[in-house]
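Here is the structure we will look at.
From a predicted model like this one, the values you see are computed outputs, not experimental measurements. To find a chain, count down the sequence lines: A is the first, B the second, and so on, and within it residues start at 1.
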Amino acid sequence: MNDIFLSPYDPKKTEDKIYEIWLDSGFFNPDVCIEKGVTKKDAEHFSIVLPPPNATGTLHMGHAFEDTIQDVMIRYKRMTGKRTLWVPGTDHAATATHAKVEKMIQKEEGKNRHDLGKEEFVKRIEKFVEESRGTILNQLRKMGSSLDWSREAFTLDEKRNWVVKTIFKKMYDDGLIYRAYKVVNWDPKGQTTISDDEVEYEERKATMFTFKYSHDFPIAISTTRPETKVGDTAVAVHPTDERYKEYVGKTFEISDFAGEKLSIKVIADESVDPEFGTGALGVTPAHSQIDWEIAQRHNLPLKQVINEYARMTVNAPELKDKKTTEAREIVAQWLRDQKLMIKEEEISQNISIADRSKGIVEPLPKLQWFVSVNKEFTYPFDTLSNIKKGEKVTLKKLMMSVVENKNIEIIPDRFEKVYTNWITNLRDWCISRQIWYGHKIPVWYRKSAEEAENDEVYCGVEEPKEEGWTQDPDTLDTWFSSGTWTFSTLGWPDDTDDFKNYHPTTFMCPGYEILFFWVARMILMTTYAVGQIPFKTVYLHGMVRDLKGRKFSKSLDNGIDPIDMINQFGTDALRMSLTVGIGPGNDSKFDLAKVKAYKNFANKIWNITRFVLSNTENSPRCHLGLEKPETFSDKDSEYLKEFEELIRDVTADMESYRFYLAAEKLYHYVWHTFADKIIEESKTGAVGPYTLRYILENSLKLLHPFMPFITEEIWSHLPATPDKKLLMVTEWPK
RNA sequence: GGACGAUUAGCUCAGCUGGUUAGAGCACACGAUUCACAUUCGUGAGGUCACUGGUUCGAACCCAGUAUCGUCCACCA
């Protein structure tokens with residue numbers, strides 16, 4: 001027996017060394033596995049593309065959790081002989097990175113991005129991203145992740161940029177990407193548009209004002225934002241509302257409303273709720289999504305009164321350049337002074353917040369790029385089981401059908417409903433952003449004499465050759481590129497071996513919070529551009545929270561660094577604590593005691609090995625490796641049979657992605673059956689050395705996906721068996 | 001307003017398609033231990049499985065409803 005077993009297990013002496021051995025072996029790369037004969041060339045594939053962590057700093061406990069789940073599946077599948085590939089990568093995370101670096105520069109140098117200029121600012125971001133990537137990739141290694149580093153990708157590298165441009169052009173040519181002047185979500189703090197998904201809601205107290213525009217105006221309206229009312233062009237009532245019927249169709253000129261001239265047409269629209277407020281809605285087409293839609297239906301003029309900095313643009317001197325919050329009180333006071341105010345009441349309402357900057361979203365009309373989810377086009381592929389070549393489809397239909405028809409399995413399945421409900425209500429996706437870091441929109445304009453809307457437009461993967469074209473200054477929503485992740489990492493649009501061999505990928509493991517942002521977008525992009533599903537199974541994991549059930553956040557300062565945990569307890573202990581008993585879609589509370597318990601478990605395995613080796617290595621019945629005795633004692637037979645059952649159980653759990661149960665069973669078996677019963681009984685001679693060695697060796701195999709370091713370390717110290725090789729590529733027991 | 005989830009031991013949670021006396025870890029009590037391991041072992045206490053009704057030979061599990069907590073979506077101006 002190696003002397004190493006005489007002292008307690010020390011992860012620090014083991015983990016980095018073992019990871020180097022794995023790297024040197026090359027077995028993280030399936031090509032090497034095939035070359036060296038540990039995987040059959042024609043074996044079924046199992047592939048995962050790592051959800052790329054944002055290159056904005058360091059990995060947190062949620063990443064550690066996510067990485068563990070994936071590595072558990074990857075290691076298990078590799079051992080069962082699958083052609084197993086796990087592709088690493090990082091995400092440029094446009095908005096998040098942009099904001100983070102701008103904040104850092106502001107703090108350290110007191111400058112904003114405009115002080116630096118576009119070129120310099122983007123350079124600084126790239127430098128920051130490069131550093132973060134290094135940190136993140138290093139942390140992934142510490143977690144033991146068996147990622148194929150030779151295939152590493154970045155969402156903003158040249159290859160991925162090529163894919164993004166290719167798909168943008170394809171969608172543009174298909175009429176699925178269009179440019180339009182519409183009311184969008186504008187984030188005045190981040191100075192960019194954002195998509196509907198990036199809007200969060202926060203409940204706040206507000207005042208609901210009820211008033212009339214003028215004493216001559218017959219209808220009272222209610223609003224929480226009186227300052228926007230200087231931009232009203234209509235009042236809408238329900239068509240059946242008897243109270244206002246006589247006014248419908250009439251236009252009222254109001255010579256002075258808080259210093260502005262208004263022209264208000266009374267219209268009838270089904271969308272108005274006659275029960276709410278006065279039953280009449282002041283329509284502000286430029287500053288409300290819903291009002292914009294009403295205005296479209298009734299051909300109403302639009303009057304913008306607020307700018308990108310959330311300041312008033314009207315000419316009235318009391319309001320001009322005022323912040324909207326100031327203007328609100330000025331208009332309210334004017335209404336009171338004019339005796340036009342009818343009622344003021346405190347209500348609680350949801351206000352829209354930009355998820356990244358936390359700025360209050362200001363709906364503004366802007367000329368932006370959109371992906372149309374409801375426009376029909378002819379499907380060009382014959383590779384999806386439910387949609388035929390030549391069929392008329394929409395992006396929405398594509399996204400819906402592959403989930404409804406179970407081409408893609410979502411675990412836990414309750415999220416299927418959440419997904420389909422979201423798709424049903426999906427509106428066109430605003431994809432252009434006014435930030436500097438990200439994929440540039442592959443569109444060029446040539447000036448026309450008139451307004452921007454009439455510019456000549458060129459969309460292409462490469463810039464136009466002739467003179468006089470200017471590229472669109474905007475960048476793309478980061479999720480546009482993330483949506484291509486499963487196939488852009490595998491070489492598409494080229495007909496590469498990787499793409500043929502590993503796509504559709506088998507498994508995807510994101511948190512449920514990015515079901516819409518990312519999972520849905522991957523399904524959209526892949527079914528549209530490639531004619532395949534991106535993955536067969538999506539395993540949505542929950543969030544790791546602190547012991548009080550709160551999110552980990554900087555403001556609470558309750559973060560726990562996975563690397564600290566690794567240093568204290570070892571990676572294997574951390575991995576077990578993040579696996580056992582945490583089912584899909586469930587949030588978990590991170591408990592130090594649990595990590596400690598699995599550190600103890602690691603030591604238990606260590607000592608079991610010490611006992612088994614010292615009691616079997618000189619046993620005459622146990623020759624080199626494992627020579628099976630001719631007859632077994634009753635106890636031997638019983639325990640071996642019990643172990644077969646464990647193998648079957650654990651294997652079945654792994655096959656159906658119930659690794660959180662498999663890990664628990666193994667823990668319980670190894671400690672309370674193997675150590676406490678079988679080994680104790682072996683001391684009386686009732687259990688033979690073959691049984692001990694057999695159970696030890698096969699337990700190591702079963703535990704390896706969960707606790708790769710200690711199992712590989714112990715494996716390397718076992719007396720040689722005929723097919724001695726790394727545990728990570730040893731066959732899974734049957 | 002809509003959808004979904006949770007409610008099981010003091011705490012954190014398992015319990016996969018309904019099947020003996022409901023499980024684990026931590027914590028607790030008592031005891032053991034030079035002979036693999038004090039990062040140990042044994043024993044024990046501790047539960048109306050939120051509540052009400054129903055289906056069934058049988059319910060923590062299925063159905064209907066109630067309560068509390070939580071999440072997501074929509075958003076009324």
Distance flag, aromatic centroids of Tyr539(A) and Phe659(A), threshold under 6.0 Å | yes

Provide, to the nearest angstrom, the distance between the CD atom belonging to Glu203(A) and the C1' atom belonging to G70(B).
-> 15 Å

Result of checking Phe257(A), Tyr213(A), Phe217(A) against Phe252(A) for ring pair (Phe, Tyr, Trp, His ring centres under 6.0 Å) | Phe217(A)

Per atom distances to the Tyr660(A) side chain, the nearest of C73(B), A77(B), G15(B) is G15(B)

Side-chain N or O of Gln349(A) less than 4.0 angstrom from OP1 or OP2 on A77(B)?
-> yes

Cut-off 3.5 Å, side chains only: do Asn374(A) and Asp428(A) have a donor facing an acceptor?
-> no

Quick note, Asn421(A) side chain, CB onward, closest among C73(B), U39(B), C4(B) is C73(B)

U40(B), U39(B), A77(B): which one has an atom nearest the side-chain heavy atoms of Lys604(A)?
-> U40(B)

Neighbours of RNA chain B within residues 296-305 of chain A, by heavy-atom distance under 4.0 Å = none

Val272(A) has a side chain; which of G42(B), U40(B), A77(B) sits nearest to it?
-> A77(B)

Which of these nucleotides, U12(B), C72(B), C4(B), is closest to any side-chain atom of Phe516(A)?
-> C72(B)

Donor-acceptor side-chain pairing of Asp269(A) and His298(A) below 3.5 angstrom = yes

Looking just at side-chain N and O atoms, do Glu713(A) and His717(A) make a donor-acceptor pair shorter than 3.5 Å?
-> yes

Check whether the side chains of Glu362(A) and His287(A) place a donor and an acceptor atom closer than 3.5 Å, and report yes or no.
-> no

RNA chain B: 5'-proximal contact among Asn425(A) and Pro274(A) (nearest heavy atom) = Asn425(A)

Under 3.5 Å donor-acceptor pair, Arg658(A) side-chain atoms to C16(B) base atoms = yes

Out of A36(B), A77(B), C26(B), whichever nucleotide has its closest atom nearest the side chain of Ile608(A) | A36(B)

Would you indicate, yes or no, if A24(B) has its OP1 or OP2 atom less than 4.0 angstrom from a side-chain nitrogen or oxygen of His672(A)?
-> no

Integer angstrom distance from the P of G5(B) to that of G25(B) = 30 Å

Side chain to side chain contact (heavy atoms under 4.5 Å, CB included) with Tyr669(A): of Asp649(A), Ile678(A), Val650(A), only one passes, and it is Ile678(A)

Between U40(B), A77(B), C13(B), which one does the side chain of Lys589(A) approach most closely?
-> C13(B)

For G23(B) versus A64(B), give the span between their P atoms, rounded off to a whole number of Å.
-> 29 Å

Say whether Asp477(A) and Trp429(A), considering side chains only, have a donor N or O and an acceptor N or O under 3.5 Å apart.
-> yes

Go through C75(B), G25(B), A77(B) for me and flag the one nearest to the Ala597(A) side chain.
-> G25(B)

Lys683(A) side-chain N/O to A36(B) phosphate OP1/OP2 under 4.0 Å = yes

For Lys596(A) and U39(B), is the shortest distance between a side-chain N/O and OP1 or OP2 below 4.0 Å?
-> no

In whole angstroms, how far is the P atom of G15(B) from the CG atom of Asp653(A)?
-> 10 Å

When pairs are called at under 3.5 Å and a stem needs at least three consecutive Watson-Crick or G-U pairs, the stems of RNA chain B are B:1-7 with B:67-73, B:10-13 with B:23-26, B:28-32 with B:40-44, B:50-54 with B:62-66

Residues passing the salt bridge (Lys or Arg N to Asp or Glu O under 4.0 Å) test with Asp232(A), sequence neighbours excluded, are Lys229(A)

Closest to the Glu680(A) side chain: C37(B), A77(B), C16(B)?
-> C37(B)

Side-chain N or O of Tyr201(A) less than 4.0 angstrom from OP1 or OP2 on C75(B)?
-> yes

Side chains of Tyr639(A) and Glu681(A): do they bring a donor and an acceptor to under 3.5 Å?
-> yes

